[in-house]
Structure formats: C-alpha cells, structure tokens
Amino acid sequence: MSELHWMTVEAAARAIAAKELSPVDLTKALLDRIERLDPRLNAFIRIDGDAAMAAALAAETEAQSGRLRGPLHGVPVGIKDIINVAGLPTTCHSKVLQDNMATADAVCVERLRGAGAIVLGKLSTHEFAIGGPSFDLPWPPARNPWNTDHHPGGSSSGSGSGVAAGLFPMALGTDTGGSVRNPASCCGIVGLKPTYGLVSRRGVFPLSFTLDHVGPMTRTVADNALMLQAIAGHDPRDPGSAAAAQGHYGAALDRGIRGLRVGFVRHFHEIDTPANPEVTAALEHVARSLQVEGAEVRTITLPSLGEFGAVNRVILQSEAWSIHGPWLSERPGDYGKLGRQRLMAGAFMSAGDYMLASRRRLQMIAEVEAAFREVDVLLCASSMDPACRIEDTAEVERTYPRQARTPFNVTGHPALAMMAGLSVGGLPVSVQFVGRYFDEATVFQVARAWERVAGTDKKHPPIV
C-alpha cells in the first residue's frame, strides 16, 4: 500500500472493510497529492479538504465498529462541477454561475455518499459542458497528465485528468455528445455513458434533455461497474429516468468472451472520418485480441458519422438554446468565447429542423437495434486522434469533432471508452464498446477481457 494514489476503488474498499486501511490515511494521501500536482493539472475548481477529512474520520470510526455504509465505504470521489454537491457552488465552470450555491446533493452524489464515498471537491469542466478548453473563464482549463501541454478531452476534463493522475480513484462525469468518453479516451481511463435514463440527472445542470447522461469514470473496468452499481436506479422525480430493474453490472466480468458476437463498425474510422494510422492499428489489434479470446468478430454497418453528428447537433443546440437563450441575451459577456459561440448556434435552429432531427433519431435507434439482433456488442473508434496541444486552438477545433461517440448519445445505448494503447508520442489512443439497452454487464464483460489482455489497468501517466 506504499502508493495509495494508485489503489483501485475495489482494493481500497476491501482494505477499509478489512480494517487494513484507514479512510483518513487514504484521503490525506490523496489531498497531499492534489496539493502537489493539481497546480499543473487544474483538475479542481474547488477542493473541499476539511469536509473530506471530516467525512474520512467518520468513515474510519464506522469501519472500526463494523458499520459499513456500502461497497464504496471510505473511498474518495471527485464530482464534475455541473453536478450539485450540497454546500458548494455549482459553477458549470462559468462566470454566469460562479455564486450558484447548491442546497442539496444531486441524486447521483446522494447515492455515492449512501454507498460510503467521500467527496473531495468539484472538478473542472468545459463551460456548461459545451465550451471547449478555454482560457477566458474564471478558472483555467484542466490538462492531460500524460503530457500537460495537451488537452485532457472534455467536457468532463477535470474528472478524466484527476482519475488518470491518481488524484482520486473515481469521478462523476456527464455525457451529451461524448463528454465522459472523450476524457476517458484522451487520458487512458475507463469512462461509461450508461443507457439513457439508467442514472438520475436530478441535480445536474442540463445541456440537452434528450441527450444528457451521467456516468462513472475510473481507472479499471471493475471499478466502473462497482461505481455504476452505486449510482444507477430509477428516480421517479426525474422525468427521463428509466423504470428498469437494476442489474448486477459486474456479474460477468471474469467469464471471458468465448462465443460472444462482436460487431466491428469499421466504416466509422475507415471511411466516415479516417482515423490517425495509430488509432486504426490499435483498433485492429483490439479486434484480433478479442478473436483470440474466443469472440466472433464481424463487420457491421450503421448510419454514417456525419448523419449521426448532424442529428446530435440539431437536438443539442436547440435544447441548449432553450436553457441559455435568456442569459445569452442579457449577459453574453459573462460567457467565454467558445461557450458563447457554440450555444449561440441554437438561436438559428428552427422548429422544423428540430422535428426532422427528432424523427431521424427514432429511425437511427431502429437501425442500431437491428444491428444488435446480429451481435452482442459493438466495437468501434472513440477518438480518431491522440490528444493535441491544448493551446493549439486550430488543432483543437480540427480534432474535437473527429470522434465516434455522438451516435450513442443519439440512440441512448450504453457505450464505454478505454485505452487501446499508447501513441508514439506517449499519449493514449482509445477504443469504444457499445451494448444493448440496460446490458452494461456485457459491455463490461468485453471491456474486462480487453483490459486483461492488454494490461491497460496497469498503465499510468508518468506525472510525479
């Protein structure tokens, strides 16, 4: 236990339950690491150290007397700052809401606390989960721990950076066009966008009601399943919440994948948006490795990335404008340049555009559902490139839309992004696994098979 910052959620919770690890020692070790590294990473907007240490002391007292709250007892977590934490501001990384004090926890935070997790503080995001890595906001953008000159992906940028750097073993992110899976891809961690409605969004500042998801971000597949187990479940007060039976998401982690049918969506990265050659090679290696493990891999065709992206864009920008229009009219200067530009596009969407996109979305759902009658899981690209330099504005703008994540915000299927390897430049490249509705267990099963073969859970950035 000499390197507490690299302990998994699962290992830390097990050691705490066995009275072999103190939540106080773990929390203090992470806060010390945050103090040393975060000035270079900017993962945090606000560190709530005193409250975290008080919660750790309470968790230690409970553990010593055999009273465990749940499977995350005593394990620290970071929270993306569009998600409410009682007593802390929910700023959305924007001047517009810099004094917006939350009076209650979001449901997902409430459930994490109920499982025993300790909240460390609020994490950097792109402004209102849409703005991009901006330098004209009250807080600086988060950076990539593999190379701090590079961006960490977004919009859950602080979540991805902090998990990868060992500042905390798990974090909450949100995903409307790929915002859990982008930082997971750029930072080499595991990020899941669950089935639409599986995790309550009550207490989370919205971007697009139709496309928003809350998801877990961790360094291992098993930890991701454990975290999802804690936050999933029906919320009758969230209109988008699904009244589905909660599964045991880690049930198939160690079953292997012999006999599973994997649909490889090659046209996403070969034709629609041709990927960096290193990404293409990594995806082929993942597919071959799954075949060696006993899976049947076959090529699957879906609608094009361009069409998925257009549908996502119309719905997202229309719904975002319904939220931000009044503020953008009254106080446009309080937004950063990137956030303002991206949100203003919604002012030019018509009701006809929105209805056409919504109708095409239903057709796309049917087409993906048809694919799942032939296969159990989809394999495809996530990002088409390793992360570029954060201050290279033109390259950020060029590479950001080069991805295959938005299709599954449009359809709502569960999608997981994780490391597929490292580029020649030492930056993560990624792969994405997609499952049937509410079948996160099979997504985790395939992701764990790849993780076991590739040892991705043992690879950490060189930041010290």
Using modelled atom types only, decide if a donor and an acceptor are shared between the side chain of [X] and the backbone of [Y] within a distance under 3.5 Å.
X    : Y    : value
Q229 : A232 : no
R143 : T148 : yes
N409 : D175 : yes
R201 : F209 : yes
Q403 : G178 : no
D81  : K122 : no
H269 : A275 : no
D223 : V9   : yes
D235 : S200 : no
T91  : Q98  : no

Any ion pair linking E395 and R402 (charged N to carboxylate O, less than 4.0 Å)? no
Could you tell me whether the side chain of N144 reaches within less than 4.5 Å of the side chain of S161, counting heavy atoms only? no
Are the side chains of R113 and V119 in contact, using a 4.5 Å heavy-atom criterion? yes
Mind telling me whether [Y] and [X] have parallel, tilted or perpendicular rings, with 30° and 60° as the class edges?
X    : Y    : value
Y196 : H213 : perpendicular
W450 : H285 : perpendicular
F268 : F308 : perpendicular
F128 : H324 : perpendicular

On a heavy-atom basis, which atom in [X] and which in [Y] lie closest, and how many Å separate them?
X    : Y    : result
V429 : P386 : CG1-CG, 3.9 Å
L305 : P407 : CD2-CG, 3.7 Å
A102 : V85  : CB-O, 3.4 Å
S124 : P140 : OG-O, 4.2 Å
P183 : G154 : CD-O, 3.5 Å
L283 : C380 : CD2-O, 3.8 Å

Roughly how far, to the nearest 0.5 Å, is CD of E127 from CD1 of I82?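 Taking CD1 in I82 and CD in E127, the distance rounds to 12.0 Å.
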Gap between atom CG of L112 and atom CD1 of I231 - 0.5 Å precision: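 Going from the CD1 atom of I231 to the CG atom of L112 covers 6.0 Å.
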Worked check of salt bridge (Lys or Arg N to Asp or Glu O under 4.0 Å) between K459 and E451: CA-CA 11 Å; K459 295 175 182 176; E451 179 183 64; over 6 Å; no
Examine the side chains of [X] and [Y] and answer whether a donor and an acceptor come within less than 3.5 Å of each other.
X    : Y    : answer
T90  : N84  : yes
E319 : T210 : yes
Q432 : R181 : yes
N312 : R405 : no
S156 : K80  : yes
H93  : T125 : no

As a quick check of understanding, evaluate salt bridge (Lys or Arg N to Asp or Glu O under 4.0 Å) for K95 and D334, giving each step before the final call. CA-CA 6 Å; K95 184 179 178 181; D334 286 348; 3.6 Å; yes
Would you please test R219 and D457 for salt bridge (Lys or Arg N to Asp or Glu O under 4.0 Å) and show each step? CA-CA 6 Å; R219 286 191 294 272; D457 52 331; over 6 Å; no
Just wondering, more than 12 heavy atoms not from Q291 lying within 6.0 Å of its CD?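 Yes, because the 6.0 Å sphere around CD of Q291 holds more than 12 heavy atoms from other groups.
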Between Y400 and H151, does a ring-ring contact (aromatic ring centres under 6.0 Å, His included) hold up when you go through it step by step? CA-CA 11 Å; Y400 231 79; H151 75 78; 5.6 Å; yes
Distance-only check: which donor-acceptor pairs under 3.5 Å involve side-chain atoms of residues 433-440, not counting sequence neighbours?
{"residue": "R436", "atom": "NE", "partner": "F372", "partner atom": "O", "Å": "3.3"}
{"residue": "R436", "atom": "NH2", "partner": "F372", "partner atom": "O", "Å": "2.9"}
{"residue": "R436", "atom": "NH2", "partner": "V375", "partner atom": "O", "Å": "2.9"}
{"residue": "R436", "atom": "NH2", "partner": "D376", "partner atom": "OD1", "Å": "3.4"}
{"residue": "Y437", "atom": "OH", "partner": "T411", "partner atom": "O", "Å": "2.6"}
{"residue": "D439", "atom": "OD1", "partner": "T442", "partner atom": "N", "Å": "3.4"}
{"residue": "D439", "atom": "OD1", "partner": "T442", "partner atom": "OG1", "Å": "2.9"}
{"residue": "D439", "atom": "OD2", "partner": "T442", "partner atom": "OG1", "Å": "2.9"}
{"residue": "E440", "atom": "OE2", "partner": "T195", "partner atom": "N", "Å": "2.7"}
{"residue": "E440", "atom": "OE2", "partner": "T195", "partner atom": "OG1", "Å": "2.8"}

Sequence neighbours excluded, which residues qualify as side chain to side chain contact (heavy atoms under 4.5 Å, CB included) partners of A55? I118
Output, in order, the C-alpha distance, side-chain angles, deciding distance and verdict of salt bridge (Lys or Arg N to Asp or Glu O under 4.0 Å) for E397 and R342. CA-CA 12 Å; E397 287 298 305; R342 294 179 181 181; 2.7 Å; yes
The side chain to side chain donor-acceptor pair (under 3.5 Å) partners of R266 (sequence neighbours excluded) come to E284, T299
Partner of L290 under side chain to side chain contact (heavy atoms under 4.5 Å, CB included), chosen from V453, V377, V446, L260: V446
